[in-house]
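Scroll down for the structure; my scribbles are underneath it.
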Amino acid sequence: MTHQDREKQKLLQRVRKLRGQLDAVERALEAKTDCGDQLMLLAAVRGGVNSLMGEVLETHIRFHLTDGPKEQIAPELAEDLIDLVRAYLK
């Protein structure tokens, strides 16, 4: 299995986990669960989406902006950008 295949599998696992979390939100809404519990489930979904977005953005920055025949930004700047994105998505 290549590095790209492992990364793809990791991202797909995150999507599947998110799907399960959204299913839990749906069940909670249908069961008229306490609002506080619904909000906790929604916060978990939001955190999962932000984490997935962070992973995809990091991959994009690393492999599309710093690598290749035409380096578009310096690797140090890419690391700063990744840190900034991760801080923003928390």
Begin from the C-alpha positions of R6 and Q9 and carry the test side-chain contact (heavy atoms from CB on, under 4.5 Å) through to its verdict. CA-CA 5 Å; R6 282 192 298 273; Q9 288 303 315; 5.7 Å; no
Given the rule in the side-chain contact (heavy atoms from CB on, under 4.5 Å) test, do L42 and R46 qualify, once you have shown the distances and angles that lead to the verdict? CA-CA 6 Å; L42 289 167; R46 182 182 60 193; over 6 Å; no
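A salt bridge between E30 and R27 is absent, with no side-chain N of the basic residue lying under 4.0 Å from a carboxylate O of the acidic one.
Counting all heavy atoms, side chain and backbone alike, V45 lies closest to L18 at O-CD2, 3.6 Å. For the residue pair L11 and E55, the shortest heavy atom distance occurs at CD2-CB, 3.8 Å. A28 approaches L41 most closely through the heavy-atom pair CB-CD1, 3.6 Å.
Proximity of K17 to R14: side-chain heavy atoms (C-beta onward) are nowhere separated by under 4.5 Å.
Atom CE of M40 and atom OG1 of T33 lie 12.5 Å apart (nearest 0.5 Å). Here NE2 of H60 is found 9.0 Å from CG of L81. Values are rounded to the nearest 0.5 Å. To the nearest 0.5 Å, atom CG of residue L29 and atom CG of residue D37 are 11.5 Å apart.
Residues passing the side chain to side chain donor-acceptor pair (under 3.5 Å) test with E26: none are found, sequence neighbours excluded.
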